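Everything on this sheet refers to the single structure shown next.
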Amino acid sequence: MTVDLKAYLEDRRAMVDAALDRVLPPESAPPANIHRAMRYSVLAPGKRLRPILVVAGAEAVGGRADAVLDTACALELIHAYSLIHDDLPAMDDDDYRRGRLTSHKVFGEALAILAGDALLTLAFRLIALEAARVAAPTTVGAVVAEVAEAAGTDGMVGGQVVDIESEGKTISAEMLDYIHLHKTAALIRVALRVGAILGGGRPEQVEAIGRAGRALGLAFQIVDDILDVEGNLAELGKTAGSDERKQKATYPSLHGLPASKARARELIEETKRLLVPLGPAAEPIRALADFVLERRS
Ligand code: GRG
């Protein structure tokens, strides 16, 4: 099967965007301001990588996109919450995200914090209800727990804490991998895994997809580090050079640009190798892996 990646991404992206519009509370519903803030950040132009990975994970094991769409949205809501909170003055203090002013710049800090909280809680409501529609009760619990683990102190929040604590310090290569694997790769890995689980994948398929997701997630963050050095505001939709300004440990700062690029390429090859047992149905994930390596934003 050859995948026209552009058509695949556009189609799945349109599906996800329509679903996001459906699952987010309307701006007309009270309290209107929080709903406005939630929609402002989520519906801003992002790549939708994590929700598309949920869909691609389901399709790779013979599942259907429409059976996992709310879970796909949930992963995007968790991602959007992390971006809103990460941009706050108490954390990265950024003015631009996805080519727009950040949430706290538009709505104020209190509403930005609450919009993040509301997106995180809405995400778990969506996962619980959808999983209950398509899977057995034990699977519902397992899926909710997996996403919670990937988003919490064993995953994204844990990575963010160590990242913040490491600012201005020289850290080891192992510690940098810990940060990247937790802060970024955990959510990318779980997106693929829950897609495969809810898509009805066999345990060994879910395992293979999860391992591929870990490699893909690490590659994604290495490329993000590289783009922070080589990109610009127009392409990235956020200010480049922020890692250096904040004295963050990154792949380029620790390993240099050429070695960072080589490592990202290696990890994308590893992602594809790990997907071999899934056969042609995993072609969209392989194409997404190439996209992660070649992306400019
Ligand atoms: C728990 C507050 C909190 C933060 C968790 C995700 C995160 C850590 C911080 C956001 C900032 C950052 C650089 C995170 C690394 C992950 C990453 C590269 C996010 C940007 O994701 P993209 O490129 O963004 O997929 P779009 O806008 O395309 O969805």
Side-chain angles (χ1 to χ4, degrees), residues 9 13 16-17 20 40-54 72-73 75-100 102-104 109 112-117 119-120 123 147-167 176 178-191 213 216-229 231 233 235-246 248-252 264 288 291-297:
L9 283 179
R13 198 194 147 90
V16 165
D17 280 339
L20 284 169
Y40 174 85
S41 290
V42 176
L43 300 178
K47 291 181 286 297
R48 310 289 186 236
L49 174 69
R50 294 149 192 83
I52 294 173
L53 285 173
V54 175
C73 289
L75 268 289
E76 184 68 9
L77 301 190
I78 295 171
H79 170 58
Y81 124 75
S82 78
L83 299 179
I84 295 172
H85 282 192
D86 186 67
D87 290 334
L88 286 167
M91 290 206 226
D92 272 1
D93 193 13
D94 279 315
D95 292 351
Y96 289 97
R97 171 72 67 180
R98 293 178 161 176
R100 302 182 173 186
T102 44
S103 181
H104 63 274
E109 276 185 58
I113 292 168
L114 289 165
D117 295 340
L119 291 172
L120 180 60
V147 178
E149 203 174 301
T153 54
D154 275 339
M156 188 173 72
V157 170
Q160 176 79 345
V161 169
V162 179
D163 191 19
I164 289 171
E165 288 175 351
S166 303
E167 277 176 24
L176 182 62
Y178 174 94
I179 293 171
H180 283 16
L181 285 168
H182 287 77
K183 183 178 80 166
T184 308
L187 208 59
I188 288 175
R189 170 179 176 269
V190 88
L216 179 63
L218 183 54
F220 182 89
Q221 186 56 55
I222 295 172
V223 171
D224 198 72
D225 288 355
I226 295 168
L227 288 175
D228 196 67
V229 178
L233 176 63
E235 279 178 334
L236 297 177
K238 62 180 180 182
T239 321
S242 67
D243 292 338
E244 199 185 340
R245 271 194 304 281
K246 286 162 200 148
K248 284 204 181 204
T250 64
Y251 254 70
L288 280 159
F291 165 77
V292 161
L293 191 63
E294 288 152 18
R295 72 196 180 97
R296 293 296 305 160
S297 70

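Quick note: residue numbers are just sequence positions, from 1. Bear in mind the structure is a predicted one, so any value in this text is a computation, not a measurement. In listed order, ligands and their atoms are each counted from 1.
- Of the possible polar contacts, none joining the H180 side chain to the A185 backbone as a donor-acceptor pair under 3.5 Å is found.
- Taking 4.5 Å as the limit, some side-chain heavy atom of L9 sits within range of a side-chain heavy atom of I52.
- Protein residues lining ligand 1, listed by chain and number: G46, K47, R50, H79, Y81, S82, L83, H85, D86, M91, R97, R98, M156, V157, Q160, K183, T184, F220, Q221, D224, R295 [non-hydrogen atoms, distance under 4.0 Å].
- The distance from the CZ atom of F220 to the CG atom of D225 is 10.5 Å, given to the nearest 0.5 Å.
- Minimum interatomic distance between S297 and E235 (heavy atoms only, all atoms of both residues): CB-O, 3.0 Å.
- If you take OG1 on T184 and CG on D224, they are separated by 7.0 Å, rounding to the nearest 0.5 Å.
- Annotation: side-chain hydrogen bond (donor to acceptor under 3.5 Å, both in side chains) contacts of D92 (sequence neighbours excluded): K248.
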